[in-house]
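Each chain gets a letter, A, B and so on, in the order the sequences are listed, and its residues count up from 1. Because the structure is predicted, anything quoted here is derived from the model rather than measured.
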Amino acid sequence: MEDSESALIRRAQAGEEEAFHRLVDEHAQHLFGLAYGMLGRVTDAEDVVQETFLATFQGLRRFEGRSSLRTWMAGILTRQVALWHRKRRSGSLRIGGTADEVLAGMSAPGSADADARLDVVATMKLLSPEYREVLLLREYEGMSYEQIASALDIPRGTVESRLYRARQELRQRLTGYL
Amino acid sequence: MSECEYSQQLHAWFDGELDAERGQVVQQHLTTCAACTEELNELRGISRLVGHWQPELMRMDAMRRIHAEIDRQNWHRMERLAGRLVAMAASIAIIAMIWPAQSQTSAKLPAQWEQAAVAMTDDSTNASTGELAMAQWMVDDLSAGGLNRD
């Protein structure tokens, strides 16, 4: 799998358009999950994923394989999300509805695992964008603290403290599932 | 929630971000701290829930839009490349047209080194002419004198 992706990347870097389309098919859903987690709206997440792929398409020749392509694109997506916030001047706002709206849609604690996952999605929306980003980059994307610091352009210590607070907040809200 | 002073280090250890020495300290601490053990279990729960979440699938029309946009970008790239190639070909054609004309013009006018060489030749010709005249005069004079003396 890894080898075939490497070959696909090399072909895409050489300008083979079909290879790039295949990379899109392979990574789109995962990137969408990350974008949706950060932005909380399907249409916004789709727009950001599209911008991420276009940026990847233009800059793929600069990809040197020091990290996986997935991690590299997650970094691009994180910057696209930051741009999205800047464009809309809503970086400090909570998105995806108010706490009451989100909580009203949550199922009761103790229900099935599928419900738990839905509630995680809803609860994530209650976190601040800064907490959501580090949490998703760590847990969903599997990035190291250094990689997160680089993607978000913040110090490593800030990553550690934000991640700690994000988890504490999530623990309090999801206490019935943990 | 754990109020233990090791709480934040526990998170870093859980993420594999502590060095071996500090990691060993946290591991040792876990054997004696019930609050941190409970927090570790909850961290695993959060990791499982957030790590495997997939809120919903990306819509097919959004996927189609991305592919179409990439095709469009690629087309623009090809157009730009073609434009550059045409410009390059045009430049070469212009140079090819101008070059022979310039060569002919420069062939009519002597180059600087040619002018210098010609100038040197002129000087040497003048010099030779002068020297020849002098030699002729001397021969004539000597001949005349010698003949006269004899």
Side-chain angles (χ1 to χ4, degrees), chain A residues 15 17 20-21 23-25 28-33 35-37 40 42-43 45-47 49-54 56-58 113 116-124 132 135-136 138-146 156 159-161 163-168 170-172 174-175 177-178, chain B residues 1-19 22-23 26 35-82:
Chain A
E17 199 186 335
F20 193 82
H21 281 297
L23 287 174
V24 170
D25 288 334
Q29 292 300 342
H30 183 83
L31 286 177
F32 173 73
Y36 181 77
V42 170
T43 49
E46 287 170 348
D47 288 348
V49 170
Q50 180 172 315
E51 292 305 313
T52 301
F53 276 122
L54 292 180
T56 303
F57 183 64
Q58 283 163 3
D113 199 45
R117 286 185 184 174
L118 283 175
D119 287 354
V120 169
V121 173
T123 307
M124 289 285 285
R132 252 197 326 263
L135 196 63
L136 283 162
R138 173 64 215 154
E139 301 290 7
Y140 185 69
E141 209 46 57
M143 282 185 176
S144 68
Y145 289 4
E146 285 298 335
R156 188 186 184 280
V159 172
E160 193 170 345
S161 58
L163 191 55
Y164 177 72
R165 290 192 203 114
R167 281 170 168 161
Q168 296 296 30
L170 213 57
R171 281 176 70 207
Q172 283 180 314
L174 292 172
T175 193
Y177 298 117
L178 302 172
Chain B
M1 200 197 311
S2 172
E3 297 295 331
C4 183
E5 59 176 321
Y6 279 86
S7 180
Q8 191 159 346
Q9 280 195 64
L10 177 70
H11 286 236
W13 174 76
F14 177 72
D15 290 329
E17 295 280 349
L18 284 190
D19 57 50
R22 286 164 70 205
V26 172
C36 281
T37 304
E38 187 189 341
E39 185 164 350
L40 179 62
N41 286 332
E42 289 178 353
L43 276 179
R44 288 188 178 124
I46 289 173
S47 194
R48 192 185 65 247
L49 286 171
V50 181
H52 296 99
W53 85 324
Q54 183 65 57
E56 50 193 292
L57 291 175
M58 197 165 176
R59 294 176 302 184
M60 284 311 292
D61 66 322
M63 284 294 289
R64 275 196 291 272
R65 214 169 54 231
I66 290 173
H67 284 297
E69 194 58 33
I70 286 163
D71 285 339
R72 205 174 65 84
Q73 289 273 325
N74 198 47
W75 179 249
H76 280 311
R77 196 154 74 175
M78 298 297 279
E79 274 185 332
R80 279 197 301 272
L81 186 66

So, do A/Leu54 and B/Glu69 sit near enough that their side-chain heavy atoms are less than 4.5 Å apart?
-> yes

So, the part of B/Met63 with a heavy atom under 4.5 Å from chain A: the answer is side chain

Note, A/Leu174 side chain near B/Glu42 side chain (heavy atom, < 4.5 Å) | no

Taking the side chain as C-beta and beyond, is there a heavy-atom pair between A/Arg138 and B/Ser47 under 4.5 Å?
-> no

Is there a donor-acceptor pair under 3.5 Å between the side chain of A/Glu139 and the backbone N or O of B/Arg48?
-> no

What's the spacing between B/Glu17 CD and A/Arg156 CZ if we round to 0.5 Å?
-> 5.0 Å

Locate the shortest heavy-atom distance separating A/Glu160 from B/Ala12; write the atom from each residue and the value.
-> OE2-CB, 3.6 Å

Hey, could you give me the CG/CG distance between B/Leu49 and A/Leu170, rounded to the nearest 0.5 Å?
-> 8.0 Å

A/Phe57 ring centre to B/Arg77 NZ or CZ under 6.0 Å, with the angle to the axis within 45°?
-> yes

Test item: B/Asp71 and A/His21 side chains (from C-beta on) under 4.5 Å apart, heavy atoms | yes

Anything under 30° is parallel, anything over 60° is perpendicular, the rest tilted; go ahead and classify A/Tyr164 against B/His11.
-> perpendicular

Region of A/Tyr145 in contact with chain B, defined by heavy-atom distances below 4.5 Å | both

Tightest non-hydrogen contact, residues A/Arg171 and B/Ile46, listed as CG-CD1, 3.2 Å

Of all heavy-atom pairs linking A/Phe20 and B/Ile70, the shortest is CE2-CD1, 3.4 Å

Between A/Thr43 and B/Arg59 the two heavy atoms that sit nearest each other are CG2-NH2, 3.6 Å

Closest non-hydrogen atom pair, A/Gln168 against B/Ser7 = NE2-OG, 3.5 Å

